[in-house]
Amino acid sequence: MDTSHLIKTLAKDARTSDKSVGTLMVWACVAASLFAATVFALLLGPRHDFAAAAETPRFLFKFVATGTLAIAACTLVPRLARPGAAPGWRAALLAIPPALLAIAVATELALVPAAEWQARWVGTNWLVCLTFIPLIGIGPLAIFIAMLRRAAPTRPSLAGAVAGLLAGGIAATFYAAHCFDDSPLFVATWYTLAVAILAAAGAAAGRLALRW
Amino acid sequence: MDDKELARLLRLGMAGDETAYAAFLERIAAILRGYCRRRTGVGSVEPEDVVQEALLAIHLKRHTWRQDEPILPWAYAIVRYKLIDAFRRRGKRVEIDIGDLAETLAEPAVETPHERDVGRALEALPPVQRSVVTSISVDGASIGETAIALGMNETAVRVALHRGLKAIARRFGKD
């Protein structure tokens, strides 16, 4: 088939009803949040002293860390989904959650006696954290990968990894409402590891499923 | 090439104007051809194959162009992706400089005759899609003529055409 024939053929399929990347992204975010909320409600649920905990800064900070991660990743995914839309300076947004965590860890180390560091770092829930953040996040990750398949990521592994960070941010936000380990030492270690698992899964899924 | 004119044609095309869309594809093909020819050596990657893959990709991914943004950076990112993919399939590692966005010189719209990858992919389609795509591409029939010749309704022809084009595009990058 020569190119002029190909062009005539494509022209006959001119009209498109495919949704824009922005629209796809909104629906993926809604679906992913509902999915994560459902899995969270079925498997864990919020901690029983949620209302009292909501008045303590350590508990609230967990949502600041996970929320900024979700927002930063959420602004990057649509850009990685469109050809020629380089993330540019927005990539730096991903440095905000680690920076906040670093400040929080330094503050915690300054406030808490060294003898307590280890107990707060390991906590009581680290295995629960490493299990349930990936478990809550894997469905949202699949949703974002499916959304990216309908778009056109020119860097599939990177797009998948950032989708993993987004799924991790959403999952960790829900998980934080359940977990009793509020120390930044715990969050910086175990939440980070759990989110990294999702980011690695996303990168692998991107390499396998996002070529077009 | 005026980006605004390309954007106007593509907007019309996405709304269903086949003539405007064909004009858009002709112009973008000439730009892609220039891009590919400058980056492929003799005997490695056939530039016209990449032009066709990129045209298919532009077609199937046209909803990823934001209508308020320029066309050319988007189109160059797609052809660059397809060119790297073509080199990779042939076992070569390449780095393609993206500092080419200013190059909008188009090559003359001629190509050398050659059995294209797209043509070969067409051979592998399921029978109905293959008949529809062949009727429209090789025989140059319209949707209506194809519908009558194959005893289908026009909607079914449009669906088979779209699915056939998607299936052809999917065959690339998998071998």
Side-chain angles (χ1 to χ4, degrees), chain A residues 1-28 75-88 90-91 144-160 163 205-212, chain B residues 12-26 29 33 48 51-52 55-67 69-70 72-78 80-81 85 101 109 111 113-116 118-119 122 133 136-138 140 142-143 158 161-162 165 169-170 173-174:
Chain A
M1 193 193 305
D2 66 28
T3 304
S4 62
H5 283 130
L6 177 65
I7 287 173
K8 290 198 180 80
T9 311
L10 298 178
K12 298 210 167 64
D13 190 32
R15 183 185 299 278
T16 180
S17 52
D18 287 334
K19 302 279 177 286
S20 73
V21 170
T23 308
L24 291 174
M25 188 64 191
V26 169
W27 284 111
T75 62
L76 290 175
V77 167
R79 301 195 77 82
L80 290 166
R82 290 190 288 118
R90 288 178 185 79
F144 290 120
I145 294 290
M147 171 258 162
L148 285 168
R149 275 176 65 86
R150 298 175 68 172
T154 52
R155 284 183 285 180
S157 302
L158 180 63
R207 211 182 53 228
L208 293 174
L210 294 182
R211 304 279 302 280
W212 51 279
Chain B
L12 286 172
M14 288 170 74
D17 182 336
E18 294 179 12
T19 313
Y21 191 46
F24 163 78
L25 290 169
E26 294 284 355
R33 188 170 293 125
E48 198 64 24
V51 170
Q52 295 197 355
L55 283 174
L56 257 177
I58 280 175
H59 175 66
L60 293 171
K61 300 296 188 183
R62 60 202 185 283
H63 60 286
T64 67
W65 168 62
R66 258 173 56 162
Q67 303 209 351
E69 286 188 347
L72 287 173
W74 172 79
Y76 277 125
I78 290 177
R80 178 174 174 272
Y81 179 74
D85 202 44
L101 298 183
E111 58 166 311
H114 169 74
E115 176 53 23
R116 300 282 163 224
V118 168
L122 172 59
V133 179
I136 290 167
S137 64
V138 183
S142 68
I143 299 272
R158 287 186 191 278
L161 171 62
H162 186 69
L165 293 172
R170 262 201 307 275
K174 292 213 166 165

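Throughout, protein chains are lettered first and strands after them, A, B, ... in sequence-line order, and every chain is numbered starting at 1. As the structure is a prediction and not an experimental result, all values here were calculated from the model.
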Which heavy atom of B:S142 sits nearest to which heavy atom of A:K12, and what is that distance? CA-CE, 3.7 Å

Can you measure from CE (B:M14) to OG1 (A:T16) and round to the nearest 0.5 angstrom? 5.5 Å

Among B:E69, B:R66, B:Q67, which has the most heavy-atom pairs under 4.5 Å with chain A? B:R66

Donor-acceptor pair, distance only, cut-off 3.5 Å: does the side chain of B:R62 make one with the backbone of A:R15? yes

Using a cut-off of under 4.5 Å on heavy-atom pairs, state which of B:I78, B:V133, B:L122 scores highest against chain A. B:I78

dist A:D13:CG -> B:I143:CD1 (nearest 0.5 Å) comes out at 7.5 Å

Separation of A:S4 OG from B:E26 CD (nearest 0.5 Å): 7.0 Å

Using non-hydrogen atoms only, which part of B:A29 is less than 4.5 Å away from chain A: side chain, backbone, both, or neither? side chain

For A:P83 and B:T64, the nearest pair of non-hydrogen atoms, with its separation, is CD-OG1, 3.5 Å

Taking it one step at a time, do B:H63 and A:K19 satisfy side-chain contact (heavy atoms from CB on, under 4.5 Å)? CA-CA 6 Å; B:H63 60 286; A:K19 302 279 177 286; over 6 Å; no

Do you know which two heavy atoms are closest between B:Y81 and A:R211, and how far apart they sit? OH-CA, 3.6 Å

Heavy-atom pair of closest approach, residues B:L55 and A:I7: CD1-CG1, 3.9 Å

Select one option (side chain, backbone, both, neither) describing which atoms of B:H59 are under 4.5 Å from chain A's heavy atoms. side chain

Is it the case that atom CZ in A:R79 sees more than 12 heavy atoms from other parts of the structure closer than 6.0 Å? yes

Which portion of B:L12 sits near chain A, non-hydrogen atoms under 4.5 angstrom: neither

Taking every non-hydrogen atom, the tightest pair across A:G84 and B:A77: N-CB, 3.2 Å

Using heavy-atom distances under 4.5 Å, tell me whether A:P156 contacts chain B through its side chain, its backbone, both, or neither. side chain

For A:A11 and B:Y21 the tightest heavy-atom approach is CA-CD2, 3.6 Å

Can you check whether B:I136's main-chain N or O pairs, donor with acceptor, with A:H5's side chain at less than 3.5 Å? no

How far does CH2 of B:W74 sit from OG1 of A:T154, to the nearest 0.5 angstrom? 12.5 Å

Between A:L10 and chain B, which part of the residue has a heavy atom less than 4.5 Å away: side chain, backbone, both or neither? both

Let me confirm one number: the OG-NZ distance from B:S137 to A:K8, rounded to the nearest 0.5 Å. 11.0 Å

To the nearest 0.5 angstrom, please state how far the CD atom of B:E48 sits from the CG atom of A:D2. 8.5 Å

Engaged part of B:L161 at the chain A interface, taking heavy atoms whose separation is under 4.5 Å: side chain

